[in-house]
Structures are given as C-alpha cells and as structure tokens.
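Written below as structure tokens is the structure these notes are about.
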Amino acid sequence: MRRDNIILVGFMGAGKSVCGRLLARRLGRCFVETDDMIVAREGRSIPEIFREAGEPRFRELEAETIESLKLKSGDVIATGGGMPCRDGRMDALRELGTVVWLDGDVRELHERASRIGNRPMLDGRSMGEVEELYRTRQSYYRQAHVTVDTTGIGADQVVARILKALRDAHAVRA
Ligand code: S3P
C-alpha cells in the first residue's frame with residue numbers, strides 16, 4: 001500500500017504553497033514544503049543557494065530531501081517546481097502518497113510566479129524560454145495520480161477541486 005501523504009507538484013506559480021497550506025488546514029494535517037526544508041538545512045535562501053552553489057547543487061539537495069520525505073506520513077507536501085523533473089523522481093514521489101499536479105495556463109503561471117519573485121529559474125528567461133521549460137517538465141508532472149486545472153480560479157476553488165479529485169481517487173475521506 002502506498003503512503004498516505006498528499007504531494008503537490010507543478011510549475012512555479014501554480015499555487016502549491018498557498019493551496020497546500022489551505023488543504024492541510026481543511027484536512028487537519030501537517031503542511032511541509034520541500035523548499036523550506038532545504039532552506040532550513042542550508043541556512044540560506046533558495047536564490048543564495050543558486051547564486052553561491054549553482055543549480056546542480058540545489059538539485060542534489062532536492063534529491064536528499066526526497067529521502068527525508070520517506071519518514072513522513074499523513075502530511076501535505078508542497079514540492080519545488082523542478083523537484084519531480086529528473087528521471088526516477090516521480091516514481092519516488094508516487095511512493096510517498098497521492099501525487100497531485102496543479103496545472104494551469106503557462107502564461108498565467110509565469111505571471112503569478114513573477115509577481116511573487118525570488119525564482120532563480122525565471123531570471124533572464126524570455127517568455128518563450130519559460131514555455132519551453134514548462135513543456136519539458138510536463139512529461140514528469142503528467143505522471144501524477146491526479147491533475148487539477150487552476151486556470152482562472154482562486155486558491156479556495158483550487159482546494160475544492162483538489163479535495164474532489166482526492167475523494168474520487170479514494171485518497172481522502174473528508
Ligand atoms: C524551482 C522552483 C522553486 C524553487 C526553486 C527552483 C524550479 O519552487 O524550488 O527556485 O526549478 O522550478 P516553486 O515551484 O515553489 O516556485
């Protein structure tokens with residue numbers, strides 16, 4: 001039987017953090033973010049890690065984080081947008097529980113992510129390059145157990161859709 005965590009994956013700006021926090025509250029579960037785990041462990045911000053150690057080091061830290069997620073059960077876990085996008089990563093995440101892909105219109109995702117800022121993967125990338133990055137990542141995200149489209153709706157509605165999808169997949173009873 002697979003573990004009973006709920007793991008949110010998806011591109012930057014999909015609302016994994018905001019919706020994950022709301023979802024955890026609705027279900028009375030703990031909420032964890034892989035980016036926060038990395039920041040706490042490293043004692044520096046994500047942009048600092050990218051700047052000082054480079055993206056490959058950040059990806060190694062993500063791999064180590066997946067290992068420590070194996071200790072979790074019953075949690076809602078928000079992952080960084082690039083975490084599932086390496087071979088074998090989606091299999092590892094699927095082992096932890098039910099994986100939910102928060103998808104959406106790439107321009108809308110980009111708009112939302114840029115508004116919040118602090119995304120080294122968006123720095124210096126044109127819209128065309130961001131679309132290309134999104135396209136290369138889709139084949140990984142698509143391996144999620146369920147997909148929720150966030151286009152044009154707010155966090156409350158996204159959470160309602162996630163709950164419905166989880167109930168339909170018999171992943172939660174609430
Ligand atoms: C990244 C997404 C970020 C963070 C890091 C790299 C990516 O998380 O992990 O900046 O490669 O897409 P969010 O998806 O929460 O923005």
Side-chain angles (χ1 to χ4, degrees), residues 5-25 30-69 72 75-90 92-94 96 99-144 146-151 153-155 158-159 162:
N5 299 288
I6 296 165
I7 304 103
L8 303 183
V9 302
F11 204 66
M12 293 166 275
K16 301 177 296 286
S17 308
V18 172
C19 298
R21 195 167 283 118
L22 282 173
L23 179 68
R25 203 179 302 153
C30 291
F31 174 65
V32 289
E33 281 198 71
T34 59
D35 278 350
D36 285 351
M37 292 168 74
I38 291 172
V39 167
R41 237 193 77 178
E42 286 288 292
R44 49 186 175 168
S45 70
I46 304 280
E48 279 168 344
I49 299 170
F50 269 77
R51 204 168 44 240
E52 293 163 10
E55 185 186 349
R57 176 65 191 140
F58 179 72
R59 301 302 171 197
E60 271 172 29
L61 293 167
E62 286 189 316
E64 290 165 22
T65 305
I66 293 188
E67 283 306 305
S68 38
L69 291 178
K72 302 210 172 289
D75 289 356
V76 174
I77 301 167
T79 58
M83 178 178 249
C85 307
R86 297 274 181 288
D87 287 344
R89 295 273 181 92
M90 276 303 277
L93 293 175
R94 285 170 58 100
L96 301 172
V99 182
V100 180
W101 174 20
L102 295 188
D103 194 16
D105 171 69
V106 65
R107 286 179 174 269
E108 194 178 307
L109 301 177
H110 178 253
E111 222 272 305
R112 219 182 280 144
S114 316
R115 212 181 310 134
I116 303 160
N118 263 349
R119 297 319 207 278
M121 291 301 288
L122 295 180
D123 290 347
R125 275 197 160 89
S126 67
M127 189 59 224
E129 286 164 339
V130 171
E131 279 172 337
E132 181 55 30
L133 180 64
Y134 171 76
R135 261 195 302 277
T136 59
R137 289 180 168 186
Q138 272 180 323
S139 59
Y140 296 98
Y141 298 146
R142 209 174 272 134
Q143 296 168 46
V146 293
T147 300
V148 169
D149 185 7
T150 68
T151 309
I153 60 172
V158 172
V159 170
I162 298 172

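Both ligands and their constituent atoms are indexed starting at 1 by order of listing.
Other residues, nucleotides and ligands contribute over 12 non-hydrogen atoms within 6.0 Å of the CG atom of D149. Other residues, nucleotides and ligands contribute only 12 or fewer heavy atoms inside 6.0 Å of the CZ atom of R107.
If you number the atoms of ligand 1 from 1 as listed, the ones under 4.0 Å from a heavy atom of I46 come out as 5 (C), 10 (O). Taking every heavy atom of F58 and a limit of under 4.0 angstrom, the matching atoms of ligand 1 come to 5 (C), 6 (C), 9 (O). The ligand atoms of ligand 1 that sit less than 4.0 angstrom from a heavy atom of G80 are 8 (O), 9 (O), 14 (O). Atoms of ligand 1 lying under 4.0 Å from any heavy atom of P120, numbered from 1 in the order shown and given with element: 10 (O).
Among all non-hydrogen protein atoms, the one lying nearest atom 16 (O) of ligand 1 is R119 NE, 2.5 Å. Among protein heavy atoms, the minimum distance from atom 12 (O) of ligand 1 is reached at R137 NH1, 2.7 Å. For atom 9 (O) of ligand 1, the closest non-hydrogen atom on the protein side is D35 OD1, 2.8 Å.
For K16, every heavy-atom contact with ligand 1 shorter than 4.0 Å involves the side chain, none the backbone. Looking at R59 against ligand 1, only its side chain comes within 4.0 Å, counting heavy atoms. At a heavy-atom distance under 4.0 Å, only side-chain atoms of M121, from C-beta outward, approach ligand 1.
Considering every non-hydrogen atom in both C19 and L102, the closest pair reads CB-CD1, 4.3 Å. Here the closest non-hydrogen pair linking L8 and K16 is CD1-O, 3.4 Å.
No side-chain donor-acceptor contact under 3.5 Å links Y134 and D105. Between the side chains of E33 and S17, a donor-acceptor pair is found at a separation under 3.5 Å.
Nearest-residue assignment for atom 2 (C) of ligand 1 (options G81, S17, A113; heavy-atom criterion): G81.
Ring geometry for F11 versus Y141: interplanar angle over 60°, hence perpendicular rather than tilted (30 to 60°).
If you run side-chain hydrogen bond (donor to acceptor under 3.5 Å, both in side chains) between R135 and each of Q138, E131, E132, only E132 comes through.
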